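None of the values given here were measured: they were computed from a predicted structure. Any value given below was found using the heavy atoms of this structure, including those in side chains, with hydrogens, waters and symmetry copies removed. Every chain is numbered from 1 and lettered A, B, ... according to where its sequence line falls, protein lines coming before strand lines.
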Protein chains: 2
Amino acid sequence: MTRSIDTSGIDGIIGYRLRRAQMAVFARFMKRFAAAGIKPAEYSVLILAADNPGLRPSDMAAALGIQRANFVALAAGLEERGLIERRAAEADRRSHAIHLTPAGAKMVRDIRMIQDKFEAEFVAELGGPAERDLLLKLLEKLG
Amino acid sequence: MTRSIDTSGIDGIIGYRLRRAQMAVFARFMKRFAAAGIKPAEYSVLILAADNPGLRPSDMAAALGIQRANFVALAAGLEERGLIERRAAEADRRSHAIHLTPAGAKMVRDIRMIQDKFEAEFVAELGGPAERDLLLKLLEKLG
DNA sequence: TATTGTTATACTCTATAACTATA
DNA sequence: TATAGTTATAGAGTATAACAATA
């Protein structure tokens, strides 16, 4: 037996709606990138590595809003798969420099194409590029 | 040494932006509700219990988009704190009926007031009620 | 003293399978 | 057989403290 449920007390709450939307989008991301074997966090690391060669782990973690301690396993996984490498830095011997490997560069080309198509679906669902831009602008104001 | 980082490859991605916004909003929620001892998921359960007396755990879990197995501990915690109770249902002896206790009803009044003020801050940050409504409408299209 | 990468650890959230008692 | 609540469990994600090497 199904029953009609009053959700009016929560479905107008921004935080609740953000959570539901994020869960739905990430679930779709996981399906779409399953063949490539890339999760959302890995995608962002690879893209930042591609666009910022030599970046330090600490700076990348900060840019992504994650703890640098939690970044270690994330980067180690990508390094084990031969997608990035962490070289010893020249100036400061404490820090590392993150670089894409050739295989990582190829992966970035692939996943950028997948992502472009994936994003286009959301844009269509939102109603168009103007709606997408509006959404991003509003989200930016929240954090 | 701080370095300028190119994040253009990810900061226009809806999923990434949703995650960052949701993390920020939830972190603020946790601080604001710390005195009441209520987390986001607990808030939604209490509100649904208030607005749907006698609702079954399975239906509530489905409405919240969580597994019913994971709902058990959530409801048990609220019951241990004396905020809800799970009564044996009359018709179907397999199912339970969730009800607020008097303490739970008082808690709901309190947290609704906290939430109203909390939400008003986001509305102001977004630019007004029209922008909030627009955001909710766009989020709804995503899940 | 402070910072970088790292390890260890605990806590939370989520997903899945299987059990029990009812239907 | 199917369903409701539950248990058990494993996998992620996240946060904090502390350490060795280096600055």
Next item on the list: For N52(B) and I5(A), indicate whether the former's side chain and the latter's backbone hold a donor-acceptor pair under 3.5 Å.
Entry: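 Not a single qualifying donor-acceptor pair exists.
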Note to self: Strictly distance-based, threshold 3.5 Å: is any side-chain N or O of Q22(B) a donor or acceptor partner for the main-chain N or O of G15(A)?
What the structure shows: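 No; zero donor-acceptor contacts below 3.5 Å.
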Regarding [X] and [Y], does a basic nitrogen lie under 4.0 Å from an acidic carboxylate oxygen?
| X | Y | value |
| --- | --- | --- |
| K137(B) | D133(B) | no |
| E119(B) | K117(B) | no |
| R28(A) | E125(A) | yes |
| R112(B) | D116(B) | no |

Any [X] side-chain N or O less than 4.0 Å from OP1/OP2 of [N]:
| X | N | result |
| --- | --- | --- |
| R68(A) | dT16(D) | no |
| S95(B) | dT3(D) | no |
| S58(B) | dT3(D) | no |
| Q67(B) | dA15(C) | yes |
| R87(A) | dG5(C) | no |
| R94(A) | dA23(D) | no |

Item checked: Spacing between F71(A) atom CZ and dT16(D) atom C1', to the nearest angstrom ->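 That distance rounds to 19 Å.
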Under 4.0 Å, heavy atoms only, any strand: does [X] hit a base, just the sugar-phosphate, or nothing?
| X | value |
| --- | --- |
| N70(A) | base |
| R86(B) | sugar-phosphate |
| A69(A) | base |
| M30(A) | nothing |

Note to self: From the set dA23(D), dT7(D), dT14(D), return the single nucleotide nearest to any side-chain atom of D92(A).
What the structure shows: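 The answer is dA23(D).
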Next item on the list: Ignoring the backbone of K39(A), work out which of dG5(D), dA12(D), dT22(C) is nearest its side chain.
Entry: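 Looking only at side-chain atoms, K39(A) lies closest to dA12(D).
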Checklist line | Angle by which the axis turns from one end of the helix from dT1(C)-dA23(D) to dA23(C)-dT1(D) to the other, five pairs per end, to 10 degrees | finding: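 For the helix from dT1(C)-dA23(D) to dA23(C)-dT1(D), the axes at opposite ends meet at about 10°.
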Notebook entry, point to check: So which one's nearest nucleotide on DNA chain C is more toward 5', A97(A) or R19(A)?
Noted result: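 The answer here is A97(A).
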